[in-house]
Amino acid sequence: MTGFHQSRVLVVDDERTNLRLLSMVLRQEGHLVDSAPDGPSALEAAAANLPDIVLLDIMMPGMDGFETLGRLRGVEGCRGIPVIFLTGLEDLESKLRGFAMGAVDYVVKPFHLEEIRARVRIHLQLRIAHRELAEERGRRLRSLGRAQREMMIRPEEIPDARFSVHYRPAQEAGGDLYDVLPLGVGIHGYMVADVSGHDVGTSLVATAAKALLHQFAGPIYSPEETMRLMNEALHGWLQPGRFLTANFVRLNRNTGMVRAVSAGHPAPLLLEAASGKVVPLASEGDVLGAFPDARFGKVERAVRTGDRVVIYTDGLVEGEGRRPGGIGAGLEAALSEIGACPLEELPARLADKLAGTSRDDDVLVLAFEA
Amino acid sequence: MDLPVLDKEASLVRLDGDTELWNEIREIWLEDIQNLLGAVRTALEARSSDGLRRAAHAIKGASANVGAVRMAAVAREMEHAAMDADWEALGAAMRTLSAETDSARTALSAR
């Protein structure tokens with residue numbers, strides 16, 4: 001790159017002196033100029049080299065300027081390109097019709113070169129400003145995503161919980177979230193959730209869900225009560241159509257008991273260290289936030305030291321045929337095969353094996369060991 | 001008609017005083033005017049209101065650019081008369097346009 005961007009201007013006029021004048025003045029300004037003597041060649045030129053701005057004569061034989069503009073909007077990439085109409089001084093009706101069709105400006109014939117320069121310049125600047133605005137929005141979404149990731153607890157911050165996690169958001173601010181928190185001495189809670197939708201609102205819901213989890217999780221609440229209270233709070237607050245699916249698992253290392261609650265989420269898997277068997281902690285349940293009196297599935301069972309539990313979002317098992325009960329058969333097989341690898345590698349290896357390189361959905365896998 | 005045959009100064013103002021560029025469009029005008037005039041004549045004979053309007057529009061544009069202001073004015077009147085399909089007036093305008101073309105050609109060739 002040369003460090004500056006040369007704008008490409010497409011000039012469309014059936015009148016030769018107009019075409020010559022416009023091409024000349026715009027080239028002198030340092031623009032790249034394509035010229036077309038009629039509508040069909042203009043559409044071809046636009047498709048071959050996407051212009052930054054189009055100067056379009058209204059009155060042309062055959063396809064006139066209005067029709068050309070209408071068709072130009074259908075050319076790939078040309079929807080948002082500014083179009084300046086070239087028109088006669090007295091032709092008010094054409095000007096109004098041009099604006100109604102989305103032209104950004106008009107230049108009156110016969111041309112004044114200074115005016116051409118000024119109008120093209122201002123509309124190119126506006127276009128750049130628009131683009132920067134769109135990029136700024138993208139940046140804000142990215143920083144929100146960063147904030148979200150920074151809010152996610154790392155395994156080394158809470159070593160007693162003995163977990164590891166792999167999180168790959170499909171978009172800048174993802175709708176998947178996890179949290180790990182101490183619920184008492186030797187007791188930890190592990191949550192994985194998936195917020196419906198993929199937009200800025202999704203991230204806000206994810207952030208709110210974590211705040212609620214911290215409010216309602218603790219020694220005095222059972223995991224079901226935590227989910228029920230979260231559901232009540234979310235139901236009063238979420239917009240219709242928004243909801244979360246979630247797993248919340250409590251592991252009590254003092255008693256060797258694991259208790260899993262499911263809210264419309266794929267079942268957690270338990271890998272028994274001694275036998276190598278994979279056991280789904282199957283539980284159905286309503287989603288979070290959609291119904292005032294949601295019911296959640298729950299499973300409780302004994303675990304031994306070294307047993308592992310894997311919780312995940314459906315980005316991991318999407319695309320593979322699911323067996324009844326919402327468990328990915330491929331995930332069970334993968335866990336049997338590589339489940340004994342170092343705990344810190346397990347989530348990423350499962351994600352590599354199953355989700356591959358698909359970027360369609362967030363992928364989140366969390367594993368912890370009893 | 002009070003307008004001059006050729007107002008080169010007004011044209012040059014619009015072209016930033018670029019005489020070289022003015023010369024270029026003058027040459028294009030001299031090359032094209034016979035065809036443009038032919039298109040007007042054909043449309044008039046065919047009584048094609050639409051064709052006549054477009055042909056007169058093209059002459060108006062080319063002539064205005066080069067500063068042939070009287071020619072542009074006549075073409076503009078023809079363009080409007082074509083919309084009303086006033087064939088009697090258009091026949092007379094055609095004769096005026098032919099005469100103006102000769103004057104403009106003479107003025108522009110002299111440069």
Colleague: For B:Val13 and A:His112, which heavy atoms make the closest approach, and how far apart are they?
Modeller: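 So the two residues come closest at O-CE1, 3.6 Å.
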Colleague: What residue, out of B:His57, B:Arg53, B:Glu27, has the most heavy-atom pairs lying under 4.5 Å from chain A?
Modeller: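 Of the candidates given, the most pairs with chain A belong to B:His57.
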Colleague: What part of B:Asp50 gets within 4.5 angstrom of chain A, counting heavy atoms only: side chain, backbone, both, or neither?
Modeller: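 Contact with chain A is absent: no heavy atom of B:Asp50 under 4.5 Å.
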Colleague: Do other residues, nucleotides or ligands put more than 12 heavy atoms under 6.0 Å from the CD atom of A:Glu93?
Modeller: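 Atom CD in A:Glu93 is not packed in, count stays at 12 or less.
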Colleague: Would one find more than 12 heavy atoms of other residues, nucleotides or ligands at under 6.0 Å from atom CZ of A:Phe66?
Modeller: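 Yes.
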Colleague: Please classify the contact between A:Met59 and chain B as side chain, backbone, both or neither, with a heavy-atom cut-off of under 4.5 Å.
Modeller: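 Contact with chain B involves both backbone and side-chain atoms of A:Met59.
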Colleague: Which answer fits A:Glu114, side chain, backbone, both or neither, if we ask what part of it has an atom under 4.5 Å from a heavy atom of chain B?
Modeller: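 It is both, since atoms from each part get that close.
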Colleague: For B:Leu21, is it the side chain, the backbone, both, or neither that has a heavy atom closer than 4.5 Å to a heavy atom of chain A?
Modeller: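 For B:Leu21, side-chain heavy atoms alone lie under 4.5 Å from chain A.
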Colleague: Is it true that B:Glu31 and A:Arg16 have a side-chain N and a carboxylate O under 4.0 angstrom from each other?
Modeller: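 Yes, this pair counts.
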Colleague: Quick check on the 6.0 Å ring-centre criterion: do A:Tyr106 and A:Phe99 meet it?
Modeller: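 So the answer is yes for these two rings.
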